[in-house]
Q: 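Questions regarding the structure given below will be posed in turn.
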Amino acid sequence: MTDIRSRGEDAAPLGELRIALEVSIPSDVRYIERVVEIVRSQCMAVLFAPRHCALNVPVALSEALSNAILYGNGEDPEKHVRVRAQVDDEQLVLEVADEGTGFDLEEETNDPTQLENIEREDGRGLFLMQQLMDRVERFDDHGNVIRLTLKRGS
Amino acid sequence: MTDIRSRGEDAAPLGELRIALEVSIPSDVRYIERVVEIVRSQCMAVLFAPRHCALNVPVALSEALSNAILYGNGEDPEKHVRVRAQVDDEQLVLEVADEGTGFDLEEETNDPTQLENIEREDGRGLFLMQQLMDRVERFDDHGNVIRLTLKRGS
Amino acid sequence: MSFSIKKQGDIVVVDVEGQLIVGNRQELKQKVLDELEKGEKKFLIDFSQTGYIDSSGLGVLVSLSKKIREQGGELRLANLNDDLKTLFELTKLDTLFQIADTRERALESF
Amino acid sequence: MSFSIKKQGDIVVVDVEGQLIVGNRQELKQKVLDELEKGEKKFLIDFSQTGYIDSSGLGVLVSLSKKIREQGGELRLANLNDDLKTLFELTKLDTLFQIADTRERALESF
Ligand SMILES: Nc1ncnc2c1ncn2[C@@H]1O[C@H](COP(=O)(O)OP(=O)(O)O)[C@@H](O)[C@H]1O
Ligand SMILES: Nc1ncnc2c1ncn2[C@@H]1O[C@H](COP(=O)(O)OP(=O)(O)O)[C@@H](O)[C@H]1O
């Protein structure tokens, strides 16, 4: 008898697996890692590319969460950050909402790869979101919201 | 210099981390494993006991999903199963909704540990849900809904 | 989830990797029945790499145990972790199956 | 997430286990600065067990690299996986740091 090794039935077709997640956390950076872990596993469950699940989503979401906690809510323990994640077979849409008054996305986005910036300790967050996501948007909705969109195929 | 090994800052206090998840899948049992994986990671993110995350939640949810797909929707590809999972620092509440007409929970729950049942191949699903969860409820809401509740401390 | 089957002496050893659930239990059943049909008599299912088992997975094990016994064969289970043990205890299936702590013990027990 | 620091010859080797992010970067910074204050000059940070790094984690690495240089010391990084490499490339930080493929190479390079 030869060594038989078989995979289970083929993974289910992806169409129609829709996930919507809503997480609310206090303004404390120690929550970031856990929220990222939840969204990452969602990302894996719909079979996004490994790199998307290991790099693009965790880093971009961490950045948005830190900014919301630190700048948007000023680490005020009374204020909350809300994350909505929606996934289907086409794309992942993340929305991170804080209770702040917002900011000018274009104005505040730095290019940390410029020689004069390369040794700066800060100013890489919005840049990384732009690099790692297909789209970054900001809008107001009872506070500041950042929307990150990542297409499956990208 | 001695070998220093340190854990990061203490895990964040749990209070106020609230997660609500909604997943919709077609009536195909091949989706079960992935849905369970998403809910399991949610369960780990809020630091439920390892046993709850590895046994109680995966098995009880699998049972509810199989029943919804097989009996509730009769594997009709046009029909969907919807899962809602809500977690806070006290409890996990899972709702599994199918498009069927429901059933009598008490009537249908078998005791597979009875001698005459022990060699049966089926009839352990509802029993396991009851054993692994703190509460199992059934109600109608445009179809049949099973609600499973697990308290953190239990 | 995947199954690997190999033969150790005259014993058919099956490793269940991942979950044993409604979506893949038929595959396990078919593989074991194929071996039974070929005349194999001794079966060991090893759960060291198994995640969770649902009621339909338990059902397949019950069914296989019956079919193997009918052919005069024997089935042993090995390496159930604490969570899986609890599952067998809750359903009293620990009274139906011969369960060994380790693969070695199971192999010796035939 | 946790850090383990040990000394190999005259080189301080730091393993970053898990994420290097806003929630724990200060701890890494403090640990390395403590060693620098004790007079240590050679530092190797090994990322073989690291998940992801956020911009504040990158910021701490930049800051440490400056501080170590100011004291006449040297910092090397090792074992960045492909995803982490991409992160350094996107931010051009691969031009600022001395990055070795393996721990051995990094140790030899001092
Ligand atoms: N949610 C937010 N609310 C208010 N201001 C923000 C927010 N996110 C970013 N900003 C502003 O944009 C700037 C640049 O952010 P970023 O690129 O992430 O770099 P860093 O956080 O290191 O300063 C911040 O310094 C802050 O002034
Ligand atoms: N969602 C559902 N819709 C309709 N009937 C159901 C549903 N869930 C369970 N049942 C009924 O309850 C019975 C017992 O279910 P269960 O204890 O899970 O065992 P099994 O699924 O092995 O039959 C099923 O056979 C079915 O008739």
Side-chain angles (χ1 to χ4, degrees), chain B residues 25-37 39-41 43-44 48-71 75 81 108-133, chain C residues 1-3 16-30 32-33 45 47-71 74-75 77 79-99:
Chain B
I25 56 168
S27 302
D28 183 330
V29 294
R30 292 173 300 169
Y31 284 90
I32 292 177
E33 193 171 356
R34 283 199 250 148
V35 174
V36 167
E37 184 49 36
V39 174
R40 208 174 61 87
S41 75
C43 187
M44 292 191 296
F48 264 62
R51 154 150 302 193
H52 283 169
C53 301
L55 176 71
N56 302 58
V57 171
V59 175
L61 177 56
S62 290
E63 300 302 341
L65 285 169
S66 318
N67 285 352
I69 292 168
L70 300 175
Y71 305 123
E75 291 190 274
V81 172
E108 296 287 351
T109 305
N110 303 296
D111 182 353
T113 66
Q114 296 291 310
L115 205 59
E116 69 270 25
N117 291 335
I118 196 94
E119 291 215 82
R120 273 182 56 181
E121 291 172 38
D122 60 353
R124 291 182 183 86
L126 294 170
F127 173 83
L128 279 175
M129 289 186 228
Q130 312 263 10
Q131 295 289 317
L132 296 171
M133 293 283 129
Chain C
M1 50 195 180
S2 75
F3 305 105
V16 177
E17 293 159 21
Q19 329 316 335
L20 177 57
I21 52 182
V22 60
N24 67 347
R25 68 189 160 136
Q26 284 306 336
E27 201 191 327
L28 174 69
K29 186 165 179 179
Q30 200 46 57
V32 172
L33 291 183
I45 305 184
F47 294 96
S48 56
Q49 297 173 68
T50 309
Y52 58 94
I53 301 178
D54 72 5
S55 68
S56 76
L58 294 173
V60 156
L61 296 176
V62 170
S63 151
L64 286 174
S65 124
K66 274 194 280 188
K67 293 224 157 69
I68 292 170
R69 238 182 300 135
E70 282 164 19
Q71 302 294 316
E74 289 172 86
L75 171 65
L77 311 184
N79 274 321
L80 295 167
N81 65 31
D82 285 349
D83 293 332
L84 293 177
K85 255 180 218 152
T86 301
L87 200 63
F88 278 77
E89 284 162 14
L90 286 174
T91 50
K92 293 232 163 83
L93 287 176
D94 57 334
T95 64
L96 188 72
F97 290 101
Q98 304 211 40
I99 301 174

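The chains referred to below are lettered A, B, ... by the order of the sequence lines, with proteins before strands, and numbering in each begins at 1.
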Q: For the side chain of C/K92 and the backbone of B/I118, is there at least one donor-acceptor N/O pair under 3.5 Å apart?
A: no
Q: Tell me, side chain or backbone of B/Q131 under 4.5 Å from chain C's heavy atoms, or both, or neither?
A: side chain
Q: Any chance the side chains of C/T86 and B/R51 put a donor and an acceptor closer than 3.5 Å?
A: yes
Q: Is B/L128 close to chain C through its backbone or its side chain, or both, or neither, when contacts mean heavy atoms under 4.5 Å?
A: side chain
Q: Give, as side chain, backbone, both or neither, the part of B/L65 having an atom under 4.5 angstrom from any heavy atom of chain C.
A: neither
Q: Decide yes or no on side chain to side chain contact (heavy atoms under 4.5 Å, CB included) for B/L55 and C/L84, but give the supporting numbers first.
A: CA-CA 8 Å; B/L55 176 71; C/L84 293 177; 5.6 Å; no
Q: Quick check: closest heavy atoms across C/K66 and B/E119, and the distance to 0.1 Å?
A: NZ-O, 3.1 Å
Q: Which of the residues B/I69, B/T113, B/V29 is involved in the greatest number of heavy-atom pairs with chain C at under 4.5 angstrom?
A: B/T113
Q: Given side chains that start at C-beta, do those of C/L90 and B/Q130 come closer than 4.5 Å, heavy atoms only?
A: no
Q: Measure C/I53 against the heavy atoms of chain B and call it side chain, backbone, both or neither at under 4.5 Å.
A: backbone
Q: Which one, C/D82, C/L87, C/L96, C/L93, leads in non-hydrogen pairs under 4.5 Å with chain B?
A: C/L93
Q: Rounded at 0.5 Å granularity, tell me how far OG in C/S56 sits from CG in B/N67.
A: 10.0 Å
Q: Keeping B/E63 on the side-chain end and C/D54 on the backbone end, is there a donor-acceptor pair under 3.5 Å?
A: no
Q: Does any non-hydrogen side-chain atom of B/R120 lie less than 4.5 Å from one of C/V62?
A: no
Q: For the residue pair B/R124 and C/S55, what are the closest heavy atoms and their distance?
A: CB-CB, 3.7 Å
Q: Supply the atom-to-atom distance C/Y52 OH to B/N56 CG, rounded to the nearest 0.5 angstrom.
A: 13.5 Å
Q: Going by an N to O cut-off under 4.0 Å, is there a salt bridge joining B/E121 and C/R25?
A: no
